[in-house]
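Throughout, protein chains are lettered first and strands after them, A, B, ... in sequence-line order, and every chain is numbered starting at 1. Here the structure is a predicted model, which means the values were calculated and not measured.
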Amino acid sequence: MKLPRALQDVRTIEALLTGAEAEAQRAGDDLPGPEHLLLSAFGLPDGTARRAFERLGADPADFRAAVETAHRQALQYVGVTVPDNAGEFPPPPLGGVHRMTAPGQEVFQAAVKLSKATKPSLLRGGHVVAAVCGQEHGTVARALTALGIERSVLAAAAREALADR
Amino acid sequence: MVEHAELPSPDDPQAALAAVVALRRLANQLERAAVDHALRDGWTWAQIGQALGVSAQAAHKKLAHKKDLS
C-alpha cells in the first residue's frame, strides 16, 4: 500500500533530522547545522542528494572529511593545531526534541519550501543540497570550496537530480 | 599587560569568523571531556561550576548526560 504523501513527508523529515543529530553527535557538535543536514541527506533513500554530488564527479563521502579539514584549517589561522586522531572527546548529550543551529533551521525551512515548489511536492535529499547551496558563508560553503565545488553549480546539479525520475 | 602581537588579524572576516566557530567547537569538546574526567575524579557540580565560572545548576544543565539527569 502506498503511503499518503503527508505521511511520507513526515517520515522523510524525521529521518533527515534524526540523521542530522547523529551526524552532529558523531562530530562532537552540540547542535546539528547545515553540514549535518547535508550529511544526513546523503543517507535518504531517494538518493537525490548523492546523485547531485556524483553528477559533478564528486564523492559524497569526501564531504565529511572536507568539513573536518575546514575546521582544522580555521584553527590553524589562530595558531591552534589539532591532530587528525584527536577524536577522543565524549559526544554531547542528545536533546529530547529536534533542535538545530539557526543556519540549520534556515536550511531546513528553505529545503521544505523548495520541496513544495516541485512535483511531486515531497521533501527529498536534493532539496537539502539546493538549500545548503544558498548559504554564502559558513562551514558548508568552506568545505565545498575546499572540494573545488561551486555552490551554484551544485545547486543546478541538485535540481537536475530532482528532475530525474 | 595583554600581548596582542600573536592575535590574528581580523581584517579577513571569513577566516577570522571561521576560526571563532572552530574555537567554540573545540572549547565545547574540551569542556565536555574535562567535566567527564572531573566527575570520574569525584568533583561535585558545585566545584565544576566554580571552575568554569558558572553556577552548579548551569554547569549541570549544560553538561550532565541524560543518564545523570535521571
If I compare all heavy atoms of A74(A) with all of A19(B), which pair ends up nearest, and what's the gap?
O-CB, 3.3 Å
Does T48(A) have any side-chain hydrogen bond (donor to acceptor under 3.5 Å, both in side chains) partners at least two apart in sequence or in another chain, and if so, which?
D46(A)
Neighbour count >12 (heavy atoms, 6.0 Å) for atom CD, E68(A):
yes
Using a strict threshold of under 4.0 Å (side-chain N to carboxylate O), is an ion pair present between R25(B) and E35(A)?
no
Is the shortest side-chain heavy-atom distance between V21(B) and H71(A) below 4.5 Å?
yes
OH of Y77(A) to CG of L17(B): how many Å apart, nearest 0.5 Å?
9.5 Å
Do L122(A) and V112(A) share a hydrophobic cluster (ILVMFWY, side-chain heavy atoms under 4.5 Å, transitive)?
no
With a cut-off of 6.0 Å (strictly less than), are more than 12 heavy atoms of other residues, nucleotides or ligands near CD of Q50(B)?
no
Counting only N and O atoms by type, is there a donor-acceptor contact under 3.5 Å from the side chain of Q14(B) to the main-chain atoms of R142(A)?
no
Kindly say whether G28(A) contributes a backbone atom to a donor-acceptor pair with the side chain of R32(B) at under 3.5 angstrom?
yes
Tell me whether V140(A) shares a hydrophobic cluster with L31(A), the cluster being built from Ile, Leu, Val, Met, Phe, Trp, Tyr side chains joined at under 4.5 Å.
no
Using side-chain hydrogen bond (donor to acceptor under 3.5 Å, both in side chains) as the criterion, list what pairs up with T118(A), not counting sequence neighbours.
H127(A)
Side chain, backbone, both or neither: which part of A141(A) has a heavy atom under 4.5 Å from chain B?
neither
